[in-house]
Amino acid sequence: MKEIVKKCLGELVVSCQAYPGTPFYGPENVKKFVECALWAKAKAVRCCWPQDIAAARSLDKDLIIIGITKAMGNDSEPDMNDIFITPTLEAAASCVEAGANIVAFDSRITAKRGKEELLKLWKDFSEKYPDVGIMADCATFEECLFADQSGYVDIVANTLSGLVNPGMTGPDLDTIRKLKKVCRNPINGEGRIWDLRDLEAMNDAGADMITIGTAITRPQLVAQRFINHYNEIKKK
């Protein structure tokens, strides 16, 4: 196991991201999110795009940074039908050069990218950056298992499970439990963790590390969630 991966075990990762068209977009704003995470004693963050990764790195040389890029065009949300998280070797390299010591890849098996292409991407990256960790962002149990058995991936994550479970309102605990029984690599639990009970449940399911984004660093969606719920309860 790579040293940087060992340091992630038992840590809560704060995902500090802001998309174009949202109030906190831009490295100076994301940097403030990272400052808040550091103030709270977080040891790891997840940041999107080189400029935001570099801003995070400028705050702390020892901070664990999981870096990604997102292919989003001109929209504030990516097209979920495309391979959009760190889709190429060049995109991954830009994360490392900006200061990331782990890079997460969209690791779905789709009609747009099959297993052989994905394996080649992981292989090429691991040869170029042997000390940098590889996280596989997956949507299904089968994709997680493929990543775990590939020989290149260091951390398996259920980051994209919401794409195949659009009605799910809480964390995907079943997938984490199943993965814990078969995976040799650490498991990152992520997605729809809204409160302390969700966090506890994800930990109890066996996640080796946990990532939380929206509930901490997307205040516009937190506000929307409360307003929507309030409007619903007023109807009763």
Side-chain angles (χ1 to χ4, degrees), residues 1-70 76 85-86 91-105 129 131-137 154-159 171 186-203 207-223 225-226:
M1 186 182 294
K2 293 173 183 173
E3 284 303 312
I4 191 63
V5 176
K6 289 180 183 177
K7 292 179 180 179
C8 289
L9 301 181
E11 295 299 333
L12 191 144
V13 181
V14 180
S15 185
C16 301
Q17 300 182 48
Y19 296 162
T22 63
F24 287 92
Y25 178 65
E28 287 307 310
N29 289 326
V30 171
K31 187 176 181 179
K32 293 183 186 300
F33 280 144
V34 177
E35 284 184 286
C36 290
L38 288 169
W39 182 87
K41 307 301 182 186
K43 296 179 182 177
V45 297
R46 175 169 166 135
C47 295
C48 184
W49 297 304
Q51 64 270 24
D52 291 357
I53 295 167
R57 178 56 68 211
S58 71
L59 291 169
D60 191 321
K61 65 180 179 63
D62 297 320
L63 181 65
I64 301 166
I65 300 178
I66 301 167
I68 62 171
T69 67
K70 285 185 178 176
S76 63
I85 297 178
T86 325
S94 72
C95 294
V96 179
E97 300 306 322
N101 30 32
I102 296 172
V103 174
F105 293 84
Y129 300 107
D131 296 324
V132 178
I134 294 178
M135 178 182 288
D137 284 346
D154 302 293
I155 301 169
V156 175
N158 71 323
T159 311
I187 300 162
N188 172 53
E190 187 168 354
R192 298 166 302 281
I193 300 171
W194 283 105
D195 55 37
L196 299 181
R197 288 170 297 180
D198 291 335
L199 176 63
E200 236 179 277
M202 183 65 85
N203 180 70
D208 299 290
M209 55 189 286
I210 296 172
T211 299
I212 301 178
T214 297
I216 299 176
T217 58
R218 298 184 75 182
Q220 73 275 17
L221 296 186
V222 176
R225 181 170 179 259
F226 277 102

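Because only heavy atoms are used, hydrogens play no part in the values below, and waters and symmetry mates are left out as well, while side chains stay in.
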S.K.: Can you tell me if Q220 has over 12 outside heavy atoms packed within less than 6.0 Å of its CD?
M.R.: yes
S.K.: Between the main-chain N or O of E190 and the side-chain N or O of N158, is there a donor-acceptor pair closer than 3.5 Å?
M.R.: yes
S.K.: Using side chain to side chain donor-acceptor pair (under 3.5 Å) as the criterion, list what pairs up with R225, not counting sequence neighbours.
M.R.: none
S.K.: Between T217 (side chain only) and T214 (backbone N and O only), is there a donor and an acceptor less than 3.5 Å apart?
M.R.: no
S.K.: Quick check: does any side chain N or O of W49 sit under 3.5 Å from a backbone N or O of I68, one acting as donor and the other as acceptor?
M.R.: no
S.K.: Mind checking whether I65 and I102 have side chains closer than 4.5 Å, heavy atoms only?
M.R.: no
S.K.: Regarding E97 and Y129, is there a side-chain donor-to-acceptor distance under 3.5 Å anywhere?
M.R.: yes
S.K.: Measure the shortest side-chain to side-chain distance between I193 and I210 over non-hydrogen atoms and say whether it is less than 4.5 angstrom.
M.R.: yes
S.K.: Could you tell me whether E3 and K6 make a salt bridge, using a distance below 4.0 angstrom between a side-chain N and a carboxylate O?
M.R.: yes
S.K.: Can you list the steps and then say if L12 with L199 is a side chain to side chain contact (heavy atoms under 4.5 Å, CB included)?
M.R.: CA-CA 10 Å; L12 191 144; L199 176 63; 3.7 Å; yes
S.K.: In the structure I gave you, are the side-chain heavy atoms of I64 and N101 within less than 4.5 Å of one another anywhere?
M.R.: yes
S.K.: Would you mind reporting whether V132 and V103 have side-chain heavy atoms less than 4.5 Å apart?
M.R.: yes
S.K.: Does any part of the side chain of F24, heavy atoms only, come nearer than 4.5 Å to the side chain of C16, both counted from C-beta?
M.R.: no
S.K.: Scan residues 9-37 for pairs that pass salt bridge (Lys or Arg N to Asp or Glu O under 4.0 Å), counting only residues two or more places apart or in two chains.
M.R.: E11-K43
S.K.: Could you grab the distance from atom SG of C8 to atom CD1 of I155, nearest 0.5 Å is fine?
M.R.: 4.5 Å
S.K.: What closest approach, in Å, do P50 and A98 show between heavy atoms, and which atom pair accounts for it?
M.R.: O-CB, 3.4 Å
S.K.: Rounded to the nearest 0.5 Å, how far apart are CD1 of I66 and OG1 of T211?
M.R.: 5.0 Å
S.K.: Of the non-hydrogen atoms in I53 and A100, which two are nearest, and what is the gap between them?
M.R.: CG2-N, 3.6 Å
S.K.: With rounding to the nearest 0.5 Å, note down the distance linking CG in D137 to CZ in F105.
M.R.: 10.0 Å
S.K.: Could you tabulate the donor-acceptor pairs under 3.5 Å formed by side-chain atoms of residues 54-62, not counting sequence neighbours?
M.R.:
residue: R57; atom: NE; partner: G99; partner atom: O; Å: 3.1
residue: R57; atom: NH1; partner: D60; partner atom: O; Å: 2.9
residue: R57; atom: NH1; partner: K61; partner atom: O; Å: 3.2
residue: R57; atom: NH1; partner: L63; partner atom: O; Å: 2.8
residue: R57; atom: NH2; partner: L63; partner atom: O; Å: 3.0
residue: R57; atom: NH2; partner: G99; partner atom: O; Å: 2.8
residue: S58; atom: OG; partner: A55; partner atom: O; Å: 2.6
residue: D60; atom: OD1; partner: D62; partner atom: N; Å: 2.7
residue: D60; atom: OD1; partner: L63; partner atom: N; Å: 3.3

S.K.: Below 4.5 Å, heavy atoms only, C-beta onward: do R46 and V14 meet side chain to side chain?
M.R.: no
S.K.: Against the six-membered ring of F33, is R218 placed for a cation-pi contact (under 6.0 Å from the centre, within 45° of the normal)?
M.R.: no
S.K.: Are the side chain of T69 and the backbone of A91 linked by a donor-acceptor contact shorter than 3.5 Å?
M.R.: no
S.K.: Sub-3.5 Å donor-acceptor pair from the side chain of D52 to the main-chain atoms of C47, do we have one?
M.R.: no
S.K.: May I ask you to test the I212-V13 pair for a side-chain heavy-atom distance under 4.5 Å?
M.R.: no
